[in-house]
Amino acid sequence: MIGILTTAVLSFLLYFLLVLIAAFKNRMRKKMIWKNALGLFVFGTVIMSIVVYVFMPPITVPNMLLLNVVVAVILVPAVYGGARIPVRYETAYQSLSGIVLLVVALSIIGVFVYSIFALEDSYESIPKSEEEEARPLNEENTPISVAPESARNKVQKAMSVVPNTQFYDLGKLQAQRVDGEIVYVAPVEFTSFWRYLRGKETEGYFSIPATNVNAQPEFIQEKMRYTNSSFFNHNVQRVVYSKHPDHIQSGEAQIEIDDEGKPWYIQTIYKPLFFSNRPDMKEIKVAVVDPVSGSVETYESDEAPDFIEGSVSGELAALENEYFGKYVNGWLNSIFGKKDVKIPNESGTESSVTPIFGEDGEMYYFTDMASPKENIDSALGYTLIHARTGELTYYNGKQNNGIMDSKGAKQIVNKEFPEKRWTGSMPVLYNIDGHPTWIVNVLDPNGLFKRYAYIKANDSDFAVFGDSAKQTLNAYRLQLAQDPSSIEGGSSAELEDKSGVVNRVLVTSTDERQAVQFLLKGETTIYTVTTSKAPLAIFLKEGDEVDLKARIRQNGTATVEEMSIKGISE
């Protein structure tokens, strides 16, 4: 309540300044002026406290300026009327009150103008770096998550296990790692004000694995009094506002689970740049609320307890992407020249960003960036924002040049099943054997998972669909190995020396090149070589002895870099 009362009182600064001027200019009525002014102040403070309690405006220069103007415009005339002060019309420069109002008007204009140019300062505050070579997102180190729409659908169907289920709806899903497993967690929230009055506490939260499409949700009973859907002083945002009225809250509070299974509400807050409401990305904090007691602990975002993955909210990450892409060369350039401007796509699952987990076990927000030019569906690169520090890394290497963006990947899925109205969701760019690949969840109109789609990012006709991630990955890799245009793609596998006797041979031809695929006796690895690397491979036959250098992958395929055939190459 201290924060609410502080904000309400600060809204009367201009009011008291104008009252002071009125009392100075009308000394004969000074007593009556102050009597009326103090009475209106008490009444106004009560009203403003209610307004602040409901809307929770942060204490920032623009907000306080606006609130002071509103209070002064409403109450100062009441002071003049109550004290029966005659109003004399004078030019602004001859009237002290007029000068004050003129200064306030200019301040409002100045704050508005500054807020526009502060966009560049906000951009500069972003902790950022660029990588020339695109970072490979390996499907084994960076698990493919189930789309949140699909997980939410399953959890909704399990709501009947919640005691007094008619009181509750499902809250916001949050991805996090619990006991080494990536899961979605979501609290149950009150459906209405009356349900809150009857229930007073929510019953707990759901947890469902985020990497297994066949997993079922589990309900964990854990009473929570302070929630997003609670009212009055039990509302999480109001609890945080009471302690930090000078910070702006980013997005809705979300729950995260500690090592003992206890839920905590996590709210991202930040200090804006002075004279504006633009975020200072170096001043990001996280308020951790105990949903049982309502106590609040505040940390720097990167110093939050270890169990907290997303101390930077998805909403703030989306705003960071927008500022990074649009204001790289200032506000004017974002409108007219648009040099180096990049627009973040809105294909993400959480405020246009998609949470993923990196090979280091940390959570990042993924977003691909597109050109501001209309009707261009190629990606310029992508960003990863660390979900604890807010550090942004932009990847725009040669490997990703000319690839389709996430909207294009989703459109391919949408066009594949028009009669069923299945749609693409949660596209994430991965590196599969050196080939940029969009991996997309295919969902039905009810949000139920149906397929995985693996789409070659630089070839819209190259798409593989499957029922499971592993099955689809294996089918995609096999098709890559059989496609002559893909043979010379990069790979992270090391070169190995091999020798053996050819068991089976298959020649694949296109207008561009020829590729030879073969098996060695006693092996099931499919070796592929192009005639551009080994021209004599076109004459390969069963029984030939070969020596070769190949990149052998764990999926049962290999790309041959050098090869000699006994009796032909010698």
Side-chain angles (χ1 to χ4, degrees), residues 127 129 135 137-138 140-145 148 151 171-187 204-212 218 220 222 224 226-228 236 239-240 243-244 247 249-271 281-317 320 349-351 353-366 384-393:
S129 62
R135 174 179 179 173
L137 296 179
N138 181 276
E140 294 173 0
N141 296 329
T142 319
I144 303 163
S145 296
K172 179 181 178 182
L173 262 70
Q174 168 66 17
Q176 73 166 117
R177 191 185 297 272
V178 179
D179 292 332
E181 182 182 20
I182 298 173
V183 298
Y184 287 118
V185 292
Y205 64 91
F206 281 93
S207 173
I208 182 172
T211 57
N212 181 359
E218 177 187 6
I220 295 89
E222 189 83 29
M224 291 185 281
Y226 294 82
T227 73
N228 282 323
V236 167
V239 169
V240 174
K243 186 168 183 179
H244 298 287
H247 283 67
Q249 300 185 43
S250 174
E252 183 182 37
Q254 59 202 25
I255 70 161
E256 295 209 21
I257 313 303
D258 66 16
D259 297 335
E260 283 73 44
K262 175 180 170 60
W264 300 80
Y265 271 93
I266 310 302
Q267 179 66 64
T268 303
I269 59 176
Y270 62 84
K271 269 285 189 73
M281 300 299 180
K282 295 177 182 177
E283 293 287 337
I284 303 174
K285 296 181 180 179
V286 58
V288 182
V289 181
D290 187 328
V292 177
S293 67
S295 63
V296 182
E297 294 292 337
T298 308
Y299 306 88
E300 299 294 332
S301 64
D302 58 342
E303 296 175 0
D306 292 340
F307 73 87
I308 296 176
E309 249 89 34
S311 51
V312 176
S313 68
E315 290 82 359
L316 187 58
E320 193 171 334
T349 61
E350 188 177 308
S351 302
V353 298
T354 298
I356 64 171
F357 285 81
E359 56 192 29
D360 54 2
E362 300 288 312
M363 193 170 88
Y364 296 84
Y365 294 110
F366 167 88
L384 289 181
I385 296 176
H386 196 283
R388 279 177 63 92
T389 66
E391 293 178 4
L392 181 151
T393 305

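Side-chain atoms are counted along with the backbone in the values below, which use heavy atoms only and exclude waters and symmetry mates. Counting from 1, the numbers follow the sequence of the chain as shown.
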Return yes if some donor-acceptor pair links the side-chain N/O of [X] with the main-chain N/O of [Y] below 3.5 Å, else return no.
{"X": "Gln267", "Y": "Ser250", "answer": "yes"}
{"X": "Gln176", "Y": "Ile308", "answer": "no"}
{"X": "Asn228", "Y": "Glu252", "answer": "no"}
{"X": "Glu309", "Y": "Arg177", "answer": "yes"}
{"X": "Thr268", "Y": "Ser313", "answer": "yes"}

Who pairs with Lys262 by side-chain hydrogen bond (donor to acceptor under 3.5 Å, both in side chains), at least two apart in sequence or on another chain? Asp290

Which residues satisfy the side-chain hydrogen bond (donor to acceptor under 3.5 Å, both in side chains) test with Gln254, sequence neighbours excluded? Lys172, Gln174

Donor-acceptor contacts under 3.5 Å from residues 295-303 side chains, at least two apart:
| residue | atom | partner | partner atom | Å |
| --- | --- | --- | --- | --- |
| Ser295 | OG | Ser293 | OG | 3.1 |
| Thr298 | OG1 | His244 | NE2 | 2.5 |
| Ser301 | OG | Arg388 | O | 2.9 |

Would you call [X] and [Y] a side-chain contact if the rule is heavy atoms closer than 4.5 Å?
{"X": "Val312", "Y": "Ile284", "answer": "yes"}
{"X": "Ile220", "Y": "Ser207", "answer": "yes"}
{"X": "Glu181", "Y": "Asp179", "answer": "no"}

Taking the six-membered ring for Trp, are Phe307 and Trp264 parallel (under 30°), tilted (30 to 60°) or perpendicular (over 60°)? tilted

Distance-minimising heavy-atom pair for Gly390 and Pro127: O-CG, 3.8 Å

At their closest point, which heavy atom of Pro263 faces which heavy atom of Ile255, and how far apart are they? CB-CD1, 4.3 Å

Worked check of side-chain contact (heavy atoms from CB on, under 4.5 Å) between Tyr205 and Ile257: CA-CA 10 Å; Tyr205 64 91; Ile257 313 303; 3.6 Å; yes

